[in-house]
K.L.:
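After the structure tokens below, expect a handful of questions from me.
Chain letters run A, B, ... following the sequence lines, proteins first and then strands; every chain starts at 1. If you're wondering where the values come from, they're calculated on a predicted model, not measured in any experiment. All values below were derived from every heavy atom in this structure, side-chain atoms included, with hydrogens, water molecules and symmetry-related copies excluded.
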Amino acid sequence: MLSVAFYSRPTLQILEDLIGKVLIRKSGDGLTSGIIVEAEAYRGQDDPASFASRGRTKRSEMLYGPPARAFVYLTYGMHHLFNVVTEQEGFPAAVLIRALEPLEGMALMQQRRKTDDVLNLCSGPAKLCQALDIDLALNGVSVSSPRSPLILIERTNEDEKRKDLAWRPRVGIREGRDRLWRVYLKGSPFVSVK
DNA sequence: TAAGGGATATGCT
DNA sequence: GCATATCCCTTAT
């Protein structure tokens, strides 16, 4: 499992390192997991895309907290977004997980997403929250505790065997209009933005 | 391409 | 208080 130290480093470094890691969600109705193929960084009050750019408010408070905690919020009134808090307590920063390659619990994901299309299960920040049943109830939970319902780990050999990936993790960097720090796994069909 | 929907922050009164 | 604009999206068209 990725340690607190992993999340205490500079956010852009963490951002890149998270590509290829596995996000695991344990819930009452089963286990679901996926390989991170796209993510995006928000760091500091000077980042105009970050909640923190508009000061320390109730909504941005989690960003200022200690690293290795989940920051979940609702956007557009209906979609949950999942971030991992990074850097030292007091410095507002996080990485938004934007897309996963589904790994385990495929049937459960299909049921929650109401589709059988594997490419449509986790190819977006709100889609993956729906597929993994991530909502506000998980806001603030640790992602580096063995007992947590939400953890991140290195890919294991078992995963490699199961997936037999054709591509190797190579990170691409996308510079959007105002989102400068988005990375994705090159060649993956599971990224959210084509 | 647009509509759907709720929480948040801001700017009034 | 209340009104309004905005928000890191998805689905259906």
Side-chain angles (χ1 to χ4, degrees), chain A residues 7 10-19 21 23 25 32 34-65 67-87 91-102 106 108-141 143 150 152 171-185 188-194:
Chain A
Y7 302 103
T11 302
L12 296 183
Q13 215 170 315
I14 299 165
L15 174 68
E16 236 180 271
D17 291 346
L18 278 177
I19 301 297
K21 298 292 191 288
L23 175 63
R25 163 72 167 130
T32 43
I35 301 169
I36 296 172
V37 296
E38 187 180 334
E40 191 166 305
Y42 297 90
R43 74 274 175 269
Q45 295 187 327
D46 298 335
D47 183 345
S50 174
F51 285 160
S53 68
R54 290 181 293 278
R56 189 164 181 165
T57 64
K58 193 178 281 185
R59 189 171 211 195
S60 66
E61 183 58 29
M62 190 66 65
L63 288 169
Y64 290 83
R69 296 220 292 222
F71 172 37
V72 182
Y73 63 87
L74 195 63
T75 191
Y76 292 99
M78 56 189 97
H79 303 302
H80 295 283
L81 286 288
F82 167 61
N83 305 252
V84 185
V85 179
T86 59
E87 307 218 23
F91 183 81
V95 173
L96 170 71
I97 306 302
R98 292 193 51 90
L100 304 175
E101 171 176 342
M106 202 83 78
L108 194 46
M109 292 189 199
Q110 289 168 331
Q111 187 184 320
R112 288 168 178 161
R113 291 274 303 131
K114 304 187 197 320
T115 177
D116 289 340
D117 180 2
V118 175
L119 285 178
N120 198 20
L121 292 180
C122 301
S123 53
K127 293 179 184 179
L128 71 89
C129 283
Q130 191 180 15
L132 269 62
D133 191 29
I134 296 173
D135 60 20
L136 293 178
L138 293 179
N139 189 32
V141 301
V143 294
L150 202 54
L152 286 104
V171 175
I173 296 176
R174 204 187 315 268
E175 298 196 12
R177 296 183 306 253
D178 48 355
R179 312 267 170 274
L180 296 179
W181 308 108
R182 182 181 294 184
V183 300
Y184 60 99
L185 184 59
S188 170
F190 298 95
V191 299
S192 72
V193 181
K194 306 298 177 201

K.L.:
Knowing that exactly one of A:L152, A:T86, A:V183 qualifies, which makes a side-chain contact (heavy atoms from CB on, under 4.5 Å) with A:L18?
P.N.:
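Of the listed residues A:L152, A:T86, A:V183, the side-chain contact (heavy atoms from CB on, under 4.5 Å) partner of A:L18 is A:L152.
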K.L.:
How long is the line joining NE2 of A:H80 and P of B:dG5, in whole Å?
P.N.:
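Distance, rounded to whole Å: 15 Å.
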K.L.:
Round to a whole Å and report the spacing from CG of A:L96 to C1' of C:dC7.
P.N.:
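Distance check: A:L96 CG to C:dC7 C1' gives 13 Å.
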K.L.:
Could you state the CD1-C1' distance from A:I97 to C:dC9, rounded to the nearest angstrom?
P.N.:
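Between C1' of C:dC9 and CD1 of A:I97: 17 Å.
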K.L.:
Check this for me: A:D46, atom CG, are more than 12 non-hydrogen atoms of other residues, nucleotides or ligands nearer than 6.0 Å?
P.N.:
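It does not: A:D46 CG has 12 such atoms or fewer within range.
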K.L.:
Could you check A:T57 against A:F51 for side-chain contact (heavy atoms from CB on, under 4.5 Å), going step by step and ending with a plain yes or no?
P.N.:
CA-CA 8 Å; A:T57 64; A:F51 285 160; 5.9 Å; no
K.L.:
Between A:L23, A:D135, A:L132, A:V95, which is the residue that forms a side-chain contact (heavy atoms from CB on, under 4.5 Å) with A:F82?
P.N.:
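With A:F82 as partner, side-chain contact (heavy atoms from CB on, under 4.5 Å) holds for just one option, A:L23.
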K.L.:
Tell me the interatomic distance from A:K114, atom NZ, to C:dA12, atom P, rounded to whole angstroms.
P.N.:
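Taking atom P of C:dA12 as the reference, NZ of A:K114 is at 12 Å.
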K.L.:
Check the distance between C:dC9's C1' and A:N83's CG and give it to me in whole angstrom.
P.N.:
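A:N83 atom CG is separated from C:dC9 atom C1' by 14 Å.
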K.L.:
I'd like to know whether A:L81 forms a side-chain contact (heavy atoms from CB on, under 4.5 Å) with A:L96, so could you lay out the CA-CA distance, the side-chain angles of the two residues, the decisive distance to 0.1 Å, and finally the verdict.
P.N.:
CA-CA 7 Å; A:L81 286 288; A:L96 170 71; 3.9 Å; yes
K.L.:
Ignoring hydrogens and angles, state whether a donor on the side chain of A:Q130 or A:R112 is under 3.5 Å from an acceptor on the partner side chain.
P.N.:
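Looking only at side-chain atoms, A:R112 and A:Q130 do not form any donor-acceptor pair under 3.5 Å.
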K.L.:
Run the numbers on A:V72 and A:C129 for side-chain contact (heavy atoms from CB on, under 4.5 Å), then give the verdict.
P.N.:
CA-CA 9 Å; A:V72 182; A:C129 283; 5.5 Å; no
K.L.:
When Watson-Crick pairs (N1 to N3 and N6-O4 or O6-N4) and G-U wobble pairs (N1-O2 and O6-N3) count only below 3.5 Å on both distances, what is the dot-bracket string of DNA chain C, with | for other-strand pairs?
P.N.:
|||||||.||||.
K.L.:
Please tabulate the protein-to-nucleotide N/O contacts below 3.5 Å involving nucleotides 6-11 of chain B, giving atom names and distances.
P.N.:
unit_1, atom_1, unit_2, atom_2, d
B:dG6, O4', A:G77, O, 3.0
B:dG6, N2, A:Y76, N, 3.4
B:dG6, N2, A:G77, N, 3.3
B:dG6, N3, A:G77, N, 3.1
B:dA9, OP1, A:T57, OG1, 2.3
B:dA9, OP1, A:R59, N, 3.3

K.L.:
To the nearest 0.5 Å, tell me how far A:E87 CD sits from A:R43 CZ.
P.N.:
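Atom-to-atom, A:E87:CD and A:R43:CZ are 9.0 Å apart.
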